[in-house]
A.B. asks: 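Provided herewith is a single structure, encoded as structure tokens, for subsequent inquiry.
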Amino acid sequence: MACRISELVLDCRDPEALARFWCEVLDFVVLGREEDDIEIGPREGFGGPQPTLVLSRSDDPRKGKLPLHIDVNATDRDQDAELERLLELGARPADVGQTGGESWHVLTDPEGNEFCLLRSRIDPA
């Protein structure tokens, strides 16, 4: 038997704002709240094939680049259309030293956390 990733925890200044952003990006819903933390996840709830995301309030300043980041794939549109949608939601392009020849886009969420939009590798069916 092995473990699987059940949730990812992201420290942030404004869990409410990031919950709104990531729910729109991932088509997630709020699954629960505990003190200053908000857990978001798939509409089916906790325990499915996708991990949930816990947005945990923290006033500690972030130091440098995150050692772990999220990669996302569009499931119902091409990469260019998804990039446009993410930018409209509040994502911003980020320069982490790309050469310009990458097949992915590096972005940040509204609090500056890096994530990548990959060329679609997931069959939407």
Side-chain angles (χ1 to χ4, degrees):
M1 181 167 265
C3 291
R4 72 174 183 85
I5 296 172
S6 59
E7 55 195 49
L8 301 171
V9 180
L10 182 61
D11 289 346
C12 58
R13 292 181 304 276
D14 188 347
E16 290 289 340
L18 275 194
R20 284 190 300 274
F21 175 80
W22 283 108
C23 280
E24 287 292 324
V25 169
L26 301 170
D27 191 30
F28 276 12
V29 295
V30 173
L31 298 175
R33 298 170 189 273
E34 189 174 310
E35 296 180 21
D36 288 337
D37 295 351
I38 300 174
E39 184 171 19
I40 64 172
R43 295 175 185 281
E44 306 82 54
F46 182 81
Q50 294 186 71
T52 62
L53 185 58
V54 177
L55 303 161
S56 181
R57 177 140 172 68
S58 174
D59 292 322
D60 295 338
R62 193 173 117 207
K63 297 174 174 95
K65 185 177 176 246
L66 289 175
L68 178 71
H69 68 267
I70 296 170
D71 287 345
V72 298
N73 279 278
T75 58
D76 63 351
R77 65 196 79 194
D78 68 21
Q79 186 185 42
D80 291 337
E82 184 64 0
L83 176 62
E84 185 177 318
R85 184 181 83 88
L86 295 175
L87 294 173
E88 288 173 3
L89 290 174
R92 295 290 168 251
D95 182 357
V96 296
Q98 307 91 296
T99 65
E102 292 82 5
S103 62
W104 61 88
H105 295 277
V106 181
L107 304 166
T108 62
D109 69 16
E111 286 201 10
N113 302 302
E114 297 92 1
F115 70 100
C116 294
L117 171 61
L118 304 180
R119 184 176 53 226
S120 185
R121 299 187 317 179
I122 297 175
D123 182 3

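In this text the structure is predicted, and so the values were computed from the model without any measurement.
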A.B. asks: Do Val72 and Leu8 belong together in a cluster built from hydrophobic side chains that touch within less than 4.5 Å?
C.D. replies: yes
A.B. asks: Nearest 0.5 Å, please: how far is CG in Leu10 from OG in Ser56?
C.D. replies: 9.0 Å
A.B. asks: Rounded at 0.5 Å granularity, tell me how far CG in Leu18 sits from SG in Cys23.
C.D. replies: 10.5 Å
A.B. asks: Assess the residue pair Glu16 and Arg33 against the criterion (salt bridge (charged side-chain N to carboxylate O under 4.0 Å, His left out)); give the C-alpha distance rounded to whole Å, side-chain angles, the decisive distance to 0.1 Å, and a yes or no.
C.D. replies: CA-CA 10 Å; Glu16 290 289 340; Arg33 298 170 189 273; 2.4 Å; yes
A.B. asks: To check you understand the geometry: which heavy-atom pair defines the closest contact between Gln98 and Ala94, and what is its length?
C.D. replies: NE2-O, 2.8 Å
A.B. asks: Going through the checks in order, is the side chain to side chain contact (heavy atoms under 4.5 Å, CB included) test met by Asp27 and Arg43?
C.D. replies: CA-CA 8 Å; Asp27 191 30; Arg43 295 175 185 281; 2.7 Å; yes
A.B. asks: Side chain of Glu111, backbone of Asp14: donor and acceptor closer than 3.5 Å?
C.D. replies: yes
A.B. asks: What's the spacing between Glu44 CD and Gln50 CD if we round to 0.5 Å?
C.D. replies: 7.5 Å
A.B. asks: Quick one: do Val25 and Val9 end up in the same hydrophobic cluster if we chain Ile, Leu, Val, Met, Phe, Trp and Tyr together by side-chain heavy atoms under 4.5 Å apart?
C.D. replies: no
A.B. asks: Looking at CG of Leu89 and CH2 of Trp22, how far apart are the two atoms once the value is rounded to the nearest 0.5 Å?
C.D. replies: 10.5 Å
A.B. asks: Is Glu7 reaching over with its side chain to a backbone N or O of Val54, donor-acceptor style, under 3.5 angstrom?
C.D. replies: no
A.B. asks: Roughly how far, to the nearest 0.5 Å, is the CG atom of Leu117 from the CG atom of Leu83?
C.D. replies: 6.0 Å
A.B. asks: Asp11 vs Asp60, test: side chain to side chain contact (heavy atoms under 4.5 Å, CB included). Steps then yes/no.
C.D. replies: CA-CA 9 Å; Asp11 289 346; Asp60 295 338; 5.9 Å; no
A.B. asks: Apply side chain to side chain contact (heavy atoms under 4.5 Å, CB included) to residues Phe115 and Leu86 and explain how you reach the verdict.
C.D. replies: CA-CA 11 Å; Phe115 70 100; Leu86 295 175; 4.1 Å; yes
A.B. asks: Which heavy atom of Leu31 sits nearest a heavy atom of Gly45, and at what distance?
C.D. replies: CD2-CA, 3.8 Å
A.B. asks: Is there a path of hydrophobic side-chain contacts, each under 4.5 Å between heavy atoms of I, L, V, M, F, W or Y residues, that connects Ile5 with Ile40?
C.D. replies: yes
A.B. asks: Take Asp37 and Glu35 through the side chain to side chain contact (heavy atoms under 4.5 Å, CB included) test and state the conclusion after the steps.
C.D. replies: CA-CA 6 Å; Asp37 295 351; Glu35 296 180 21; 5.9 Å; no
A.B. asks: Sequence neighbours left out, what passes side-chain contact (heavy atoms from CB on, under 4.5 Å) with Arg92? Give chain and number order.
C.D. replies: Thr108
A.B. asks: Does the distance from a Lys or Arg side-chain N to an Asp or Glu carboxylate O, for Glu88 and Arg85, drop under 4.0 Å?
C.D. replies: no
A.B. asks: Minimum heavy-atom separation for Pro42 and Pro51, please, with both atom names.
C.D. replies: CD-O, 4.5 Å
A.B. asks: Please report the interatomic distance CG(Leu87) to CD(Glu82), rounded to the nearest 0.5 Å.
C.D. replies: 10.0 Å
A.B. asks: For a quick test of reading the model, state the closest non-hydrogen atom pair linking Gln79 to Leu118 and the distance between them.
C.D. replies: NE2-C, 3.4 Å
